[in-house]
Amino acid sequence: MVFPYTKAAKKKPADIGEDLGKYLVENSPNISAYNVINGFLNLSVDSSYWTNLLETVAGNDTYGQEASNGKKIMIEYSSPNTNKPLHLGHIRNILLGWSCSMIYQAAGYEVIKVQIVNDRGIAICRSMLAWQLFGDGETPESSGIKGDHLVGKYYVKFNTEFVKEYSEWQQTNEAKEVYAAKKKEDQDEAAFFKAYKNDYFNEFSYLGRDAKAMLVKWEANDPEVRALWKKMNGWVLGGFDATYDKLGVTFDKLYFESDTYLLGKELIEKGLKSKVLFKEGKRVWTDLSNIGMQKKTILKSDGTSTYTSQDLGTAQMRYNDYQAEKVVYVVGDEQISHFQGVFEILKRLEEPYAEGLYHLAYGMVDLPTGRMKSREGTVVDADDLVAEVIAEAQKSALERGELVDMDKTEQANTFRQIGLGALKYFILKVNARKRMVFNPQESVEMQGNTGPYIQYACVRCSGVARKAPEVNMILSADYTALQPQEKDLILKISQYPALIQEAAAAYDPAIVAAFAYDLAKLYNKFYHDINILKSESEAAKAFRLKLSGVVARTLKNAMHLLGMEVPPRM
RNA sequence: GGCUUCGUAGUUCAAUUGGAUAGAAUAUCAGAUUUCGGCUCUGAGGGUUGCAGGUUCGAGUCCUGCCGAGGUCACCA
């Protein structure tokens, strides 16, 4: 493309193209020809360039892994509440966090994977209270229910009981009086009570009163409440661990909100001194109008902490723990303004890590039928989903009569790899910041732009490469009549390291996913068009086997960045 | 309402960051191959990139206005 040079050179676009092309052919050994069309300069690359490139890549055992750059990055992901099991939204979060971790590792960073478990607050007290009232001593062991699901059951129970209580209350005289006194114009009873729910919880509800009382006791370190809290949180965390294990993700460090929610005092003192923050009574606030936001409360008028104060303190603590240059928060896009506020305050406080903070905001996951709503029971449970995709992989393989001769445990493992591969790819191929539609049927498809298609291509080319141990004996330089399919493959592979950097800079696994798919597709075309084992010459055969080996390795590497495994057979 | 994200084949997603004829997949139809591995390949139809202006050699991409869908506007987390 020569348009940008027209002004500087004061020539017609076509002439510049001619001059440049001519110069490059004469002076670069890699360029063999050129032509100019509509102001675009096209160059032809000599075959020795391609074979050399392939040799270089083949000889590099760590292709796609940058040398350490000595920098640290912390990636926070998952970070669930301990009152209910994980769902599809968490899965998107977890896969994004994991994949970004892998990408940054490949880009040369030391990665610290963390999560902050939200294990306190009124929501947790709701589950606890419901269990106390209706649980009858039920445990994961006694009921056979996975711990997180058991606690989730009582969270739901609380809500159904609360709704019942609320609708009964609406019939009372007290409710009629509240309605008469507080209703807005044109607001009928139904609309009013729908909007009044939270106020009811705080002012009139028995369940609400008891849950809040429990939270107060928890904060006062009441031994009985704390013991119950510990017991139920243990159940939930055990359940989460099982789910993480299924998904194949790990963490280097867990932070607990119960330990961090009081942090931030030190930074607040600093902010008050430097007039970044202001105090009225016990309340501390700041003005964020410069980034289009309003006043933000950091400490409440009773002096207690807020979400903001807690995140300020946590950021500082984690910097003290690890001194990471970058910190990525994988959190849903509904919290964009919260993090803008937190990051802005830290910048004003001139904290050394403030510039390296990044909120990786992802969009909500919708179902084909609309959005997920826990109240309407349309939430897709994480454990159910994982079981379903594995079952689907098994079903479709057995229907085709494949893998039946395989050892049972190996077979089960292969189905797991395929099912999870399908699920992970389906979610990660979509740009993170976009809202996405999750179709359970399509997620387990095996054809087209899917995980199993890529896995299959990889299995295929490593199978080909395995056929010929002599690939390492260099012959490929003698092969000069390269086919377009071969050039396309080498070109694609040569872009891989730059692509990793690009994906890291954009915090976007979808870039890697698109690459893996393109490469798989190019290989399948190559495989179809050219019969490798019946190549026209030994040199061509050696070249193609070597190429297959390099494709296999690159595909496997790219899939690893997406958290996908490659089955031994498919 | 203010701020903000988004709107691309029937559907799900791309588009090298402002570049060539907007590409894949899926579904539909028509073919090929079936070798090292059966989930492979080729082709066809399908688009006024929400609408209307503007900026320039050139706009899906940038600017303005409208329409539509989210998010957010707590002394909740």
Under 3.5 Å, which donor-acceptor pairs link side chains of residues 438-446 of chain A to any protein atom two or more places apart or in another chain?
residue : atom : partner : partner atom : Å
N439(A) : OD1  : Q441(A) : N            : 3.0
N439(A) : OD1  : E442(A) : N            : 3.4
S443(A) : OG   : P440(A) : O            : 2.8

Roughly how many Å apart are [M] and [N], using the [atom1] atom of each and rounding to a whole number?
| N | M | atom1 | result |
| --- | --- | --- | --- |
| C63(B) | G19(B) | P | 15 Å |
| G23(B) | G47(B) | P | 13 Å |
| G45(B) | U34(B) | P | 28 Å |
| C75(B) | C13(B) | P | 36 Å |

N/O-N/O pairs, protein side and nucleotides 27-31 of chain B side, under 3.5 Å:
none

Hey, would you say the Y261(A) and W218(A) ring centroids sit under 6.0 Å apart?
yes
Show each protein N/O and nucleotides 43-47 of chain B N/O combination with a separation under 3.5 Å, one pair to a line.
none

For RNA chain B, which residues of [range] approach it to below 4.0 angstrom with any heavy atom?
| range | answer |
| --- | --- |
| residues 303-313 of chain A | S305(A), T306(A), Y307(A), Q310(A) |
| residues 428-436 of chain A | V430(A), N431(A), R433(A), K434(A), R435(A), M436(A) |
| residues 333-342 of chain A | D333(A), E334(A), Q335(A), S337(A) |

Looking at residues at least two apart in the chain, or sitting in another chain, which of them share a ring-ring contact (aromatic ring centres under 6.0 Å, His included) with F162(A)?
Y200(A), F201(A)
Less than 3.5 Å apart, any donor N or O on the side chain of S79(A) or Y255(A) sitting next to an acceptor on the other?
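Side-chain D/A pair, S79(A) to Y255(A): absent.
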Assess, by modelled atom type and distance only, whether the side chains of D119(A) and T82(A) contain a donor and an acceptor separated by less than 3.5 Å.
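No, no side-chain donor-acceptor pair sits under 3.5 Å.
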Determine which pairs satisfy salt bridge (Lys or Arg N to Asp or Glu O under 4.0 Å) with at least one residue from residues 276-286 of chain A, sequence neighbours left out, and list them in order.
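Matches after skipping sequence neighbours: E280(A)-R283(A).
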Which residues pass the salt bridge (Lys or Arg N to Asp or Glu O under 4.0 Å) test with D148(A), not counting sequence neighbours?
K146(A)
For [X] and [N], is the shortest distance between a side-chain N/O and OP1 or OP2 below 4.0 Å?
| X | N | value |
| --- | --- | --- |
| K525(A) | U40(B) | no |
| Y425(A) | U12(B) | no |
| R460(A) | U35(B) | no |

Would you please name every residue forming a side chain to side chain contact (heavy atoms under 4.5 Å, CB included) with A510(A), sequence neighbours left out?
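So A510(A) forms a side chain to side chain contact (heavy atoms under 4.5 Å, CB included) with D508(A).
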Polar pair under 3.5 Å, donor/acceptor by atom type, side chain N439(A), base U12(B):
no
With sequence neighbours excluded, give me every ring pair (Phe, Tyr, Trp, His ring centres under 6.0 Å) pair touching residues 439-465 of chain A.
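Pairs touching residues 439-465 of chain A that pass the test: Y453(A)-Y517(A).
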Have a look at U42(B) and give me syn or anti from its glycosidic angle (syn if within 90° of zero).
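Glycosidic conformation of U42(B): anti.
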So is the aromatic ring of Y527(A) stacked onto the base of C36(B), judging by whether the centres are under 5.5 Å apart and the planes are under 30° apart?
yes
Determine the stems involving RNA chain B; a stem requires 3 or more consecutive pairs of the Watson-Crick or G-U wobble kind, each with both distances below 3.5 Å, and the answer is none if no such run exists.
B:1-7 with B:67-73, B:10-13 with B:23-26, B:28-32 with B:40-44, B:50-54 with B:62-66
E410(A)/R569(A) salt bridge by N-O under 4.0 Å criterion
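Salt bridge between R569(A) and E410(A), a charged N being under 4.0 Å from a carboxylate O: no.
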Is there side-chain contact between Q310(A) and S305(A), with heavy atoms separated by less than 4.5 Å?
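Sidechains of S305(A) and Q310(A): no contact.
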Would you check if F339(A) and D311(A) make a side-chain contact, meaning some heavy-atom pair closer than 4.5 Å?
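Yes, side chains in contact.
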